[in-house]
Amino acid sequence: MLLGAGVVVAGGAVAAAVTLWPAGDGGGGTRASDSASAGTGSTSASPSPSRSYPLSKPPHTIPAVRAHTAAHGPGWRPARGARVVVDDDGLADEGKLLAGELRMTYGGRNGARSGDVELALDGGGDAESYTLTVGGGRVRIAGPGQAGVFYGTRTLKQEVHDGGTAPEGVVRDGPAKPVRGFMLDIARKHFTAGWIEDRVRELGDLKYNELGLHFSDDQGFRIESDTHPEVVSEEHLSKTEVKRIVALAAERHIAVVPEIDSPGHLGAVIAAHPDLQLRNAQGASASRGTLDISKPGAARIVDELLGEYADLFPGSAWHLGGDEYQALTASNPAASYPQLASAVVKRYGAGATVADLATGWLNDRAAVVARHGRTPRAWNDGFYRSVKKASVSKDVRVAYWTGKEYGARQPTEYLAAGREVVNYNDEFLYYVLGQPQTFVYPTGQRIYEQWTPRVLRGTTAVPASYDDRIRGGVFAVWCDMSGAQTQDQVAAGIRMPLRAMVQKLWDPGKPELSWKDFQSLANRIG
């Protein structure tokens, strides 16, 4: 417990006013809008009246904090001579970053004094949770993991932005969903390393924890390769640039999730290896980027690339794509592509389909990334309904983006089968340059007012009983018409959608601010 005591002299009498509130993240608290007088669920006393300061109000941040216990006091703002100190050397990066942002001194492992901010590893539970306590002229941010402490510093940064004051009392906070992501298609459109780094800083301040890079497709292969330099597009990111992006993301507790989509969407690779292009019985090419997965060389080149980039991207997740294999759009895939029919019978026996072969391909790639300690993810339309002998490995998480493909499965089919799903709903979370087909640019207001993580397909939510299997959501930028917008236009267009989505991933409750007020808050705190 933290104890605050004040002595008030009135009419010659001396009276002591004592305020108690819990320290740490041991439960209790109220929603941010609730009065402290509602109690904290613990034995702490309600704040005592103060002659000088009214009861504090909850902070206004994006995403909103989950709970705030109010108290009387002046609050806190950076002052000359104040320091950021830590109780563990593992928090040095978080401490130095905050000190630089607030123009304070980094004091290392020293005891906190008046005016200071102390960062501490303390308590148990979710590593992304934290407690932020303002009282006694100082701030203490504590959590069971470095990520949670970092998120606490993001809350403080927003509270004191542009001369603001962090309100007295205790914030207890943590995310509802463990995956809060942004995916960028750098294959169809080259984005500079500096622009991506700016997005990493933006994502970190909003408490996102995932950046996806889709860097291989028909239009380009955009990261330097040592094993296959022949597939790399002229405009690309060097490995040095990628390492810098990955390091910056790690400082902000953001994992970078790479995607080499296969066995479709490999046009840039096939351009350098035309012998791997899928051709039908008449010798005509299938759609561009369609790999002939009956050829041993096809698996070899993809696996070599997967292995090469495993060292470049040290995160825990890996996106394998797996969608839109054009061989399966033929009315009779086995007749159109007899080499695939022969390969599937050899692997699975009579009665197996080309969809079985494509499923086996996905499982083989999942095994490759699993050997590197990664959890694989694949697009939902890569889970083919027409399989007879094979099924996608249970370790592969579903990236659910659409229900428009032929034979589409409802999200509940995956959830009922026990699979974990990540929400990429193309109705709300797809920002497709040029707005081709039926796509329109998503708006923050529509996400804020109509979308939740349970809205996986279209506009209808799945039952609440499946909520625990929905890992979170990812907002995706696709560059189908790469020249439709500049980098700066993309940054401006996704600004409010990113803020709206993270609010819905962080707090499962209905937002307390109206959309107009949420917009105003976003403009105020940056």
Side-chain angles (χ1 to χ4, degrees), residues 185 187-188 214-221 231 259-302 305 319-345 347-348 352-366 378-388 390 392 396 398-409 424 426 430 432 436-439 476 478-481:
D185 172 13
R188 295 180 177 91
H214 176 93
F215 65 92
S216 168
D217 214 300
D218 295 345
Q219 294 80 0
F221 191 102
V231 308
E259 182 189 357
I260 299 177
D261 199 345
S262 76
H265 295 283
L266 279 173
V269 171
I270 293 173
H273 296 271
D275 58 305
L276 299 180
Q277 171 70 47
L278 179 66
R279 298 180 182 276
N280 66 17
Q282 290 73 44
S285 296
S287 297
R288 181 185 180 192
T290 306
L291 202 63
D292 187 340
I293 58 178
S294 71
K295 294 186 174 183
R300 183 165 54 250
I301 192 171
V302 172
L305 290 167
H319 206 313
L320 295 169
D323 63 317
E324 298 179 334
Y325 188 49
Q326 293 302 309
L328 294 172
T329 64
S331 58
N332 187 337
S336 296
Y337 305 101
Q339 73 273 40
L340 299 183
S342 176
V344 73
V345 169
R347 179 165 183 171
Y348 292 108
T353 69
V354 173
D356 288 293
L357 190 65
T359 299
W361 170 276
L362 179 60
N363 286 338
D364 291 344
R365 309 294 76 77
W379 299 113
N380 65 286
D381 51 334
F383 292 70
Y384 300 108
R385 189 185 289 275
S386 56
V387 293
K388 301 296 184 182
V392 178
V396 180
V398 181
Y400 200 101
W401 72 280
T402 186
K404 300 182 177 73
E405 81 278 13
Y406 176 75
R409 296 180 182 180
Y424 289 76
D426 64 343
Y430 262 36
V432 186
Q437 301 175 44
T438 59
F439 290 107
W478 294 103
C479 302
D480 292 41
M481 300 173 69

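All values below were derived from every heavy atom in this structure, side-chain atoms included, with hydrogens, water molecules and symmetry-related copies excluded. From a predicted model like this one, the values you see are computed outputs, not experimental measurements.
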ask   = Do Val302 and Leu266 have side chains that get closer than 4.5 Å, going by heavy atoms?
value =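 Counting from C-beta outward, Val302 and Leu266 do come under 4.5 Å.
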I need the minimum non-hydrogen distance between [X] and [Y], along with the two atoms involved.
{"X": "Gly289", "Y": "Ile270", "result": "C-CD1, 3.6 Å"}
{"X": "Ala330", "Y": "Pro333", "result": "O-CD, 3.4 Å"}
{"X": "Ala358", "Y": "Leu328", "result": "CB-CD1, 4.3 Å"}
{"X": "Ala271", "Y": "Pro274", "result": "O-CD, 4.0 Å"}
{"X": "Asp218", "Y": "Gly267", "result": "OD1-N, 2.8 Å"}

List the residues meeting side-chain hydrogen bond (donor to acceptor under 3.5 Å, both in side chains) with [X], not counting sequence neighbours, and say none if there are none.
{"X": "Asp480", "answer": "none"}
{"X": "Asp381", "answer": "Trp401"}
{"X": "Ser342", "answer": "none"}
{"X": "Asp356", "answer": "Thr353"}

For the side chain of [X] and the backbone of [Y], is there at least one donor-acceptor N/O pair under 3.5 Å apart?
{"X": "Asn380", "Y": "Thr402", "answer": "yes"}
{"X": "Arg365", "Y": "Ala299", "answer": "no"}
{"X": "Asp217", "Y": "Gln219", "answer": "no"}
{"X": "Glu259", "Y": "Ser216", "answer": "no"}
{"X": "Tyr325", "Y": "Leu291", "answer": "yes"}
{"X": "Arg385", "Y": "Ala408", "answer": "yes"}
{"X": "Asp261", "Y": "Gly322", "answer": "yes"}

request  = Establish, yes or no, whether a centroid distance under 6.0 Å links the rings of Phe215 and Phe221.
outcome  =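 That pair passes the under 6.0 Å test.
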Under the ring pair (Phe, Tyr, Trp, His ring centres under 6.0 Å) rule, collect the residues that match up with [X], sequence neighbours excluded.
{"X": "Trp361", "value": "none"}
{"X": "Phe383", "value": "Tyr414"}
{"X": "His214", "value": "Trp478"}

Mind checking the [atom1]-[atom2] spacing from [X] to [Y]? Nearest 0.5 Å is all I need.
{"X": "Asp426", "Y": "Phe439", "atom1": "CG", "atom2": "CZ", "answer": "5.0 Å"}
{"X": "Trp379", "Y": "His265", "atom1": "CH2", "atom2": "NE2", "answer": "9.5 Å"}
{"X": "Arg288", "Y": "Gln277", "atom1": "CZ", "atom2": "CD", "answer": "9.5 Å"}
{"X": "Leu357", "Y": "Tyr337", "atom1": "CG", "atom2": "OH", "answer": "13.5 Å"}

request  = Sorted by first residue and then second, give each ring-ring contact (aromatic ring centres under 6.0 Å, His included) pair with at least one member in residues 272-300; sequence neighbours left out.
outcome  =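 Passing the test, one end in residues 272-300: His228-His273.
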Report the residues that fulfil side-chain contact (heavy atoms from CB on, under 4.5 Å) with [X], sequence neighbours left out, ordered by chain and then residue number.
{"X": "Ala341", "answer": "Ala334"}
{"X": "Asp292", "answer": "Leu278, Ser294, Lys295, Gln339, Leu340"}
{"X": "Arg347", "answer": "Asp364"}
{"X": "Leu362", "answer": "Leu320, Ala378, Val392"}

inquiry  = Can you confirm whether Lys388 is buried at NZ, in the sense that more than 12 heavy atoms of other residues, nucleotides or ligands lie under 6.0 Å from that atom?
reply    =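 Not buried by this count: 12 neighbours or fewer within 6.0 Å.
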